[in-house]
Amino acid sequence: MPTSPLHAPVLEWYAVAQRDLPWRRPEASPWSVLVSELMLQQTPVARVLPVHEAWLERWPTPADLAAEPTGEAVRMWGRLGYPRRALRLHAAAVAIVADHGGEVPSSHADLLALPGVGEYTAAAVASFAFGQRHAVLDTNVRRVLARAASGVALPPPSMTRAERALAESLLPDEDAVAATWAVAVMELGALVCTATSPRCAACPLREQCAWVLAGSPAYDGPPRRAQAWAGTDRQCRGRLMAVLREALGAVHVSALEAAWGPTEQRERCLAGLVADGLAVQVGPETYALP
(Lines give C-alpha, C1' and ligand atoms only; values in the text may rest on other atoms or scores of the structure.)
Protein backbone atom coordinates (compact mmCIF):
# COMPACT_ATOMS: atom_id res chain seq x y z
CA MET A 1 0.00 0.00 0.00
CA PRO A 2 1.11 3.64 -0.47
CA THR A 3 3.21 4.81 2.49
CA SER A 4 3.75 8.52 1.75
CA PRO A 5 1.09 11.26 1.60
CA LEU A 6 2.36 11.97 -1.92
CA HIS A 7 1.46 8.52 -3.20
CA ALA A 8 -2.33 8.42 -3.27
CA PRO A 9 -2.91 11.76 -5.06
CA VAL A 10 -0.37 10.94 -7.78
CA LEU A 11 -1.55 7.36 -8.27
CA GLU A 12 -5.20 8.43 -8.44
CA TRP A 13 -4.36 11.19 -10.91
CA TYR A 14 -2.38 8.79 -13.10
CA ALA A 15 -5.22 6.28 -13.20
CA VAL A 16 -7.33 8.77 -15.14
CA ALA A 17 -4.78 11.10 -16.78
CA GLN A 18 -2.19 8.70 -18.21
CA ARG A 19 -1.53 8.78 -21.93
CA ASP A 20 -2.21 5.70 -24.03
CA LEU A 21 1.33 4.89 -25.17
CA PRO A 22 2.14 1.57 -26.89
CA TRP A 23 5.02 0.69 -24.56
CA ARG A 24 2.72 1.08 -21.53
CA ARG A 25 -0.04 -1.20 -22.71
CA PRO A 26 -0.50 -4.56 -20.96
CA GLU A 27 0.47 -6.42 -24.12
CA ALA A 28 3.72 -4.47 -24.60
CA SER A 29 6.79 -6.71 -24.62
CA PRO A 30 9.92 -5.95 -22.59
CA TRP A 31 11.63 -5.37 -25.94
CA SER A 32 9.08 -2.67 -26.76
CA VAL A 33 9.81 -1.02 -23.41
CA LEU A 34 13.58 -1.16 -23.95
CA VAL A 35 13.27 0.27 -27.47
CA SER A 36 11.06 3.09 -26.19
CA GLU A 37 13.46 3.99 -23.39
CA LEU A 38 16.42 4.30 -25.76
CA MET A 39 14.35 6.33 -28.23
CA LEU A 40 12.89 8.65 -25.59
CA GLN A 41 16.27 9.84 -24.35
CA GLN A 42 16.34 13.56 -25.20
CA THR A 43 13.51 13.07 -27.71
CA PRO A 44 9.80 14.02 -27.32
CA VAL A 45 7.13 11.32 -27.28
CA ALA A 46 5.44 12.69 -30.41
CA ARG A 47 8.59 12.13 -32.47
CA VAL A 48 9.22 8.70 -31.01
CA LEU A 49 5.75 7.20 -31.57
CA PRO A 50 5.92 6.62 -35.37
CA VAL A 51 9.53 5.39 -35.26
CA HIS A 52 8.81 3.03 -32.38
CA GLU A 53 5.83 1.60 -34.26
CA ALA A 54 7.85 1.10 -37.44
CA TRP A 55 10.76 -0.39 -35.50
CA LEU A 56 8.59 -2.97 -33.70
CA GLU A 57 6.82 -3.85 -36.92
CA ARG A 58 10.12 -4.59 -38.64
CA TRP A 59 11.97 -6.02 -35.64
CA PRO A 60 9.42 -7.40 -33.14
CA THR A 61 12.14 -9.24 -31.22
CA PRO A 62 15.80 -8.58 -30.36
CA ALA A 63 16.79 -11.48 -32.61
CA ASP A 64 15.14 -9.82 -35.60
CA LEU A 65 17.26 -6.72 -35.13
CA ALA A 66 20.45 -8.60 -34.25
CA ALA A 67 20.27 -10.40 -37.59
CA GLU A 68 20.44 -7.11 -39.52
CA PRO A 69 23.51 -4.96 -40.28
CA THR A 70 24.00 -2.05 -37.90
CA GLY A 71 23.45 0.35 -40.79
CA GLU A 72 19.82 -0.72 -41.04
CA ALA A 73 19.27 0.28 -37.42
CA VAL A 74 20.79 3.68 -38.18
CA ARG A 75 18.59 4.03 -41.26
CA MET A 76 15.42 3.18 -39.36
CA TRP A 77 16.38 5.60 -36.60
CA GLY A 78 15.55 8.36 -39.06
CA ARG A 79 15.60 11.87 -37.66
CA LEU A 80 15.27 11.05 -33.97
CA GLY A 81 18.71 12.54 -33.36
CA TYR A 82 21.70 11.20 -31.43
CA PRO A 83 21.92 8.20 -33.82
CA ARG A 84 24.56 6.48 -31.70
CA ARG A 85 21.54 5.30 -29.72
CA ALA A 86 20.63 3.13 -32.74
CA LEU A 87 24.06 1.49 -32.59
CA ARG A 88 23.63 0.88 -28.85
CA LEU A 89 20.21 -0.65 -29.35
CA HIS A 90 21.58 -2.94 -32.04
CA ALA A 91 24.48 -3.94 -29.78
CA ALA A 92 22.02 -4.59 -26.94
CA ALA A 93 19.95 -6.82 -29.24
CA VAL A 94 23.07 -8.81 -30.17
CA ALA A 95 23.95 -9.23 -26.49
CA ILE A 96 20.40 -10.27 -25.60
CA VAL A 97 20.53 -13.00 -28.25
CA ALA A 98 24.02 -14.13 -27.26
CA ASP A 99 23.64 -14.04 -23.49
CA HIS A 100 19.93 -14.27 -22.70
CA GLY A 101 18.42 -16.58 -25.29
CA GLY A 102 16.84 -13.68 -27.18
CA GLU A 103 14.75 -12.52 -24.21
CA VAL A 104 15.25 -9.12 -22.58
CA PRO A 105 16.62 -9.94 -19.10
CA SER A 106 14.52 -9.02 -16.10
CA SER A 107 17.21 -8.40 -13.50
CA HIS A 108 18.53 -4.89 -13.00
CA ALA A 109 22.13 -6.15 -13.01
CA ASP A 110 21.71 -8.00 -16.32
CA LEU A 111 20.00 -5.00 -17.89
CA LEU A 112 22.77 -2.72 -16.69
CA ALA A 113 25.33 -4.99 -18.35
CA LEU A 114 23.74 -4.54 -21.80
CA PRO A 115 25.57 -2.19 -24.19
CA GLY A 116 24.20 1.34 -24.03
CA VAL A 117 22.07 0.71 -20.94
CA GLY A 118 22.82 2.96 -17.98
CA GLU A 119 21.40 3.18 -14.48
CA TYR A 120 18.26 5.06 -15.52
CA THR A 121 17.40 2.75 -18.43
CA ALA A 122 18.04 -0.41 -16.41
CA ALA A 123 15.77 0.83 -13.62
CA ALA A 124 13.09 1.94 -16.09
CA VAL A 125 12.95 -1.37 -17.95
CA ALA A 126 13.04 -3.43 -14.73
CA SER A 127 10.22 -1.30 -13.37
CA PHE A 128 8.01 -0.73 -16.43
CA ALA A 129 8.48 -4.09 -18.17
CA PHE A 130 8.77 -6.37 -15.14
CA GLY A 131 6.95 -4.50 -12.35
CA GLN A 132 9.94 -4.27 -10.05
CA ARG A 133 10.71 -1.74 -7.31
CA HIS A 134 13.37 0.74 -8.43
CA ALA A 135 13.96 4.47 -8.24
CA VAL A 136 13.52 5.64 -11.84
CA LEU A 137 15.05 9.09 -12.08
CA ASP A 138 14.68 10.92 -15.36
CA THR A 139 14.46 14.70 -15.78
CA ASN A 140 10.70 14.76 -15.20
CA VAL A 141 10.85 12.69 -12.01
CA ARG A 142 13.74 14.70 -10.61
CA ARG A 143 11.81 17.94 -11.20
CA VAL A 144 8.63 16.68 -9.52
CA LEU A 145 10.52 15.45 -6.47
CA ALA A 146 12.59 18.63 -6.27
CA ARG A 147 9.42 20.72 -6.11
CA ALA A 148 7.05 18.50 -4.18
CA ALA A 149 9.49 17.17 -1.59
CA SER A 150 12.45 19.56 -1.52
CA GLY A 151 10.71 22.86 -2.24
CA VAL A 152 13.03 24.04 -5.03
CA ALA A 153 12.09 25.02 -8.56
CA LEU A 154 14.49 22.69 -10.36
CA PRO A 155 16.86 19.87 -9.42
CA PRO A 156 20.64 20.32 -9.67
CA PRO A 157 22.15 20.06 -13.18
CA SER A 158 23.72 16.72 -12.25
CA MET A 159 22.23 13.88 -10.21
CA THR A 160 23.20 13.98 -6.53
CA ARG A 161 23.38 11.23 -3.93
CA ALA A 162 20.76 13.10 -1.89
CA GLU A 163 18.33 13.05 -4.82
CA ARG A 164 18.66 9.30 -5.22
CA ALA A 165 18.25 8.75 -1.48
CA LEU A 166 15.09 10.88 -1.52
CA ALA A 167 13.65 8.99 -4.49
CA GLU A 168 14.36 5.64 -2.85
CA SER A 169 12.81 6.77 0.42
CA LEU A 170 9.60 7.69 -1.41
CA LEU A 171 9.18 4.34 -3.16
CA PRO A 172 6.03 2.45 -2.12
CA ASP A 173 6.80 -0.84 -0.40
CA GLU A 174 5.00 -3.16 -2.83
CA ASP A 175 6.77 -3.84 -6.13
CA ALA A 176 3.73 -3.35 -8.35
CA VAL A 177 2.71 -0.11 -6.63
CA ALA A 178 6.28 1.16 -6.78
CA ALA A 179 6.41 0.46 -10.52
CA THR A 180 3.17 2.38 -11.07
CA TRP A 181 4.42 5.21 -8.85
CA ALA A 182 7.58 5.49 -10.97
CA VAL A 183 5.70 5.94 -14.22
CA ALA A 184 3.02 8.12 -12.59
CA VAL A 185 5.55 10.65 -11.28
CA MET A 186 7.22 10.67 -14.69
CA GLU A 187 3.87 11.38 -16.36
CA LEU A 188 3.10 14.15 -13.88
CA GLY A 189 6.38 15.84 -14.76
CA ALA A 190 5.74 15.47 -18.49
CA LEU A 191 2.16 16.77 -18.48
CA VAL A 192 1.68 19.04 -15.44
CA CYS A 193 4.85 19.79 -13.48
CA THR A 194 6.72 20.98 -16.55
CA ALA A 195 10.03 22.84 -16.52
CA THR A 196 8.44 26.10 -17.66
CA SER A 197 4.86 27.22 -16.96
CA PRO A 198 3.89 24.32 -14.66
CA ARG A 199 0.12 23.86 -14.34
CA CYS A 200 0.05 23.94 -10.55
CA ALA A 201 -3.73 24.48 -10.41
CA ALA A 202 -4.19 21.10 -12.12
CA CYS A 203 -1.61 19.26 -10.03
CA PRO A 204 -2.76 16.54 -7.62
CA LEU A 205 0.00 17.64 -5.22
CA ARG A 206 -0.86 21.34 -5.21
CA GLU A 207 -2.00 21.32 -1.57
CA GLN A 208 1.13 19.59 -0.25
CA CYS A 209 3.84 20.61 -2.71
CA ALA A 210 6.72 22.12 -0.72
CA TRP A 211 7.61 24.46 -3.57
CA VAL A 212 4.08 25.86 -3.89
CA LEU A 213 3.73 26.18 -0.11
CA ALA A 214 6.99 28.17 -0.10
CA GLY A 215 5.57 30.62 -2.64
CA SER A 216 7.06 28.99 -5.76
CA PRO A 217 10.51 30.60 -5.37
CA ALA A 218 12.52 31.12 -8.56
CA TYR A 219 15.40 28.82 -9.41
CA ASP A 220 18.63 30.17 -7.93
CA GLY A 221 21.09 27.41 -8.82
CA PRO A 222 23.82 27.28 -11.48
CA PRO A 223 22.89 28.75 -14.88
CA ARG A 224 21.27 26.32 -17.31
CA ARG A 225 22.46 26.86 -20.84
CA ALA A 226 20.22 25.91 -23.74
CA GLN A 227 21.86 23.78 -26.42
CA ALA A 228 22.65 25.65 -29.62
CA TRP A 229 21.80 23.99 -32.95
CA ALA A 230 22.27 26.21 -35.99
CA GLY A 231 25.77 25.91 -37.41
CA THR A 232 26.93 23.37 -34.81
CA ASP A 233 28.67 20.07 -35.43
CA ARG A 234 25.43 18.37 -34.35
CA GLN A 235 23.58 20.03 -37.21
CA CYS A 236 26.36 19.21 -39.65
CA ARG A 237 26.43 15.56 -38.59
CA GLY A 238 22.65 15.41 -38.92
CA ARG A 239 22.78 16.70 -42.48
CA LEU A 240 25.47 14.21 -43.47
CA MET A 241 23.59 11.34 -41.82
CA ALA A 242 20.42 12.30 -43.69
CA VAL A 243 22.26 11.93 -47.02
CA LEU A 244 23.63 8.53 -46.03
CA ARG A 245 20.25 7.27 -44.73
CA GLU A 246 18.37 8.26 -47.86
CA ALA A 247 20.84 6.64 -50.27
CA LEU A 248 20.34 3.07 -51.43
CA GLY A 249 24.07 2.44 -51.55
CA ALA A 250 27.35 4.29 -51.31
CA VAL A 251 27.35 8.08 -51.49
CA HIS A 252 29.94 10.10 -53.36
CA VAL A 253 31.64 12.78 -51.32
CA SER A 254 30.18 15.41 -53.65
CA ALA A 255 26.71 14.69 -52.24
CA LEU A 256 28.02 15.30 -48.74
CA GLU A 257 29.68 18.51 -49.88
CA ALA A 258 26.33 19.68 -51.25
CA ALA A 259 24.68 18.95 -47.90
CA TRP A 260 27.12 21.06 -45.87
CA GLY A 261 29.31 23.81 -47.26
CA PRO A 262 32.02 24.64 -44.69
CA THR A 263 34.82 22.24 -45.69
CA GLU A 264 36.79 21.94 -42.46
CA GLN A 265 33.70 21.38 -40.32
CA ARG A 266 32.22 18.89 -42.77
CA GLU A 267 35.42 16.85 -42.94
CA ARG A 268 35.74 16.87 -39.17
CA CYS A 269 32.15 15.73 -38.70
CA LEU A 270 32.44 13.05 -41.38
CA ALA A 271 35.56 11.69 -39.70
CA GLY A 272 33.66 11.71 -36.41
CA LEU A 273 30.80 9.70 -37.92
CA VAL A 274 33.26 7.11 -39.20
CA ALA A 275 35.01 6.95 -35.83
CA ASP A 276 31.65 6.50 -34.06
CA GLY A 277 30.68 3.61 -36.33
CA LEU A 278 27.80 5.52 -37.92
CA ALA A 279 29.41 5.63 -41.37
CA VAL A 280 32.07 3.70 -43.27
CA GLN A 281 34.36 4.75 -46.09
CA VAL A 282 33.85 2.21 -48.86
CA GLY A 283 35.99 3.83 -51.54
CA PRO A 284 38.45 6.69 -52.04
CA GLU A 285 35.56 9.18 -52.31
CA THR A 286 32.49 7.21 -51.24
CA TYR A 287 30.77 6.60 -47.89
CA ALA A 288 27.86 4.50 -46.68
CA LEU A 289 26.01 3.36 -43.60
CA PRO A 290 27.77 0.49 -41.78
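- Side-chain contact between Val274 and Tyr287: present, with at least one pair of heavy atoms (C-beta onward) separated by less than 4.5 Å.
- Put simply, Val35 and Val94 are part of two different groups of oily side chains (I, L, V, M, F, W, Y) that touch within less than 4.5 Å, one to the next.
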Legend entry - Leu244/Arg75 under side chain to side chain contact (heavy atoms under 4.5 Å, CB included): CA gap, chis, key distance, verdict: CA-CA 8 Å; Leu244 295 173; Arg75 193 187 309 278; over 6 Å; no
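- Between Val48 and Trp23, the closest side-chain pair of non-hydrogen atoms falls below 4.5 Å.
- Contact annotation: the side chain of Val152 never approaches that of Trp211 to less than 4.5 Å [non-hydrogen atoms, C-beta and beyond].
- Put simply, the side chain of Leu49 reaches to within 4.5 Å of the side chain of Leu21, judged on heavy atoms.
- Taking all atoms of both residues into account, the shortest heavy-atom contact from Pro155 to Ala146 is N-CB, 3.8 Å.
- The CH2 atom of Trp77 lies 4.5 Å from the CZ atom of Arg85; values are rounded to the nearest 0.5 Å.
- Checking side-chain atoms of Arg206 against main-chain N and O of Cys200 turns up no donor-acceptor pair under 3.5 Å.
- Shown here is Glu53, whose CD atom has no more than 12 heavy atoms of other residues, nucleotides or ligands within 6.0 Å.
- Considering every non-hydrogen atom in both Gly231 and Trp260, the closest pair reads CA-CH2, 4.1 Å.
- Within the 3.5 Å criterion, the main-chain N or O of Leu166 finds no donor-acceptor partner in the side chain of Glu163.
- Atoms CD and NE2, from Gln132 and His108 in turn, are 9.0 Å apart once rounded to the nearest 0.5 Å.
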Inset, instruction - Go through Trp59 and Met76 one step at a time and tell me if the side chain to side chain contact (heavy atoms under 4.5 Å, CB included) criterion holds. - result: CA-CA 11 Å; Trp59 299 310; Met76 280 289 287; 3.4 Å; yes
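- Remark: the backbone N or O of Pro156 is paired with a side-chain donor or acceptor of Arg142 at under 3.5 angstrom.
- In the hydrophobic clustering of ILVMFWY residues, with side-chain heavy atoms under 4.5 Å counting as a link, Ile96 and Phe130 come out together.
- Contact of the Pro198 side chain with the Arg147 side chain is registered, since non-hydrogen atoms from C-beta on lie closer than 4.5 Å.
- The two residues Ser32 and Ala28 come nearest to each other via the heavy atoms OG-CB, 4.3 Å.
- Residue Val97 is not grouped with residue Val33 when hydrophobic side chains (ILVMFWY) are merged at heavy-atom distances under 4.5 angstrom, including chains of intermediate members.
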Legend entry - Chi angles and distances behind the side chain to side chain contact (heavy atoms under 4.5 Å, CB included) call for Trp55, Leu89: CA-CA 11 Å; Trp55 191 284; Leu89 195 46; 3.6 Å; yes
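- A donor-acceptor contact shorter than 3.5 Å is absent between the side chain of His134 and the backbone of Ala122.
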Inset, instruction - Go through Glu119 and Arg164 one step at a time and tell me if the side chain to side chain contact (heavy atoms under 4.5 Å, CB included) criterion holds. - result: CA-CA 11 Å; Glu119 172 60 39; Arg164 182 163 296 282; 3.7 Å; yes
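- Salt-bridge check for Arg25 with Asp20: passed, with a basic side-chain N closer than 4.0 Å to an acidic carboxylate O.
- Hydrophobic clustering (ILVMFWY, side-chain heavy atoms < 4.5 Å, transitive): Val117 and Leu87 are in distinct clusters.
- Considering every non-hydrogen atom in both Leu114 and Ala92, the closest pair reads CD2-O, 4.3 Å.
- Heavy atoms only, all atoms of each residue included: Pro9 and Leu205 are closest at CB-CD2, 4.0 Å.
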Could you pull out every donor-acceptor pair under 3.5 Å between side chains of residues 187-195 and any protein atom, sequence neighbours left out?
residue	atom	partner	partner atom	Å
Glu187	OE1	Arg19	NE	3.3
Glu187	OE1	Arg19	NH2	2.7
Glu187	OE1	Arg24	NH1	3.1
Glu187	OE1	Arg24	NH2	2.8
Glu187	OE2	Arg19	N	2.9
Glu187	OE2	Arg19	NE	3.0
Glu187	OE2	Arg24	NH1	3.0
Thr194	OG1	Thr196	O	2.8
Thr194	OG1	Ser197	O	3.4

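- In terms of hydrophobic clustering, with Ile, Leu, Val, Met, Phe, Trp and Tyr side chains grouped at heavy-atom distances under 4.5 Å, Val144 and Val183 are assigned to a common cluster.
- Residues satisfying the side-chain hydrogen bond (donor to acceptor under 3.5 Å, both in side chains) test with Thr121, not counting sequence neighbours, are Gln41.
- If you take CG on Leu270 and CG on Leu278, they are separated by 11.0 Å, rounding to the nearest 0.5 Å.
- Arg133 contributes a side-chain N or O that, together with a main-chain N or O of Pro172, makes up a donor-acceptor pair within less than 3.5 Å.
- Interatomic distance, Glu57 CD to His52 NE2, rounded to the nearest 0.5 Å: 12.5 Å.
- Side-chain contact between Val185 and Leu6 is absent, with no heavy-atom pair separated by less than 4.5 Å.
- Atom CG of Asp110 is separated from atom CG of Asp99 by 9.0 Å, given to the nearest 0.5 angstrom.
- Here the shortest heavy-atom pairing between Ala93 and Leu65 reads CB-CD2, 3.9 Å.
- The number of heavy-atom neighbours closer than 6.0 Å to CZ of Arg79, taken from other residues, nucleotides and ligands shown, is 12 or below.
- The number of heavy atoms from other shown groups lying within 6.0 Å of CD (Glu257) is above 12.
- Listed by chain and residue number, Arg84, Arg237 satisfy the salt bridge (Lys or Arg N to Asp or Glu O under 4.0 Å) test with Asp276 (two or more places apart in sequence, or in another chain).
- To the nearest 0.5 Å, atom CZ of residue Phe128 and atom CE of residue Met186 are 3.5 Å apart.
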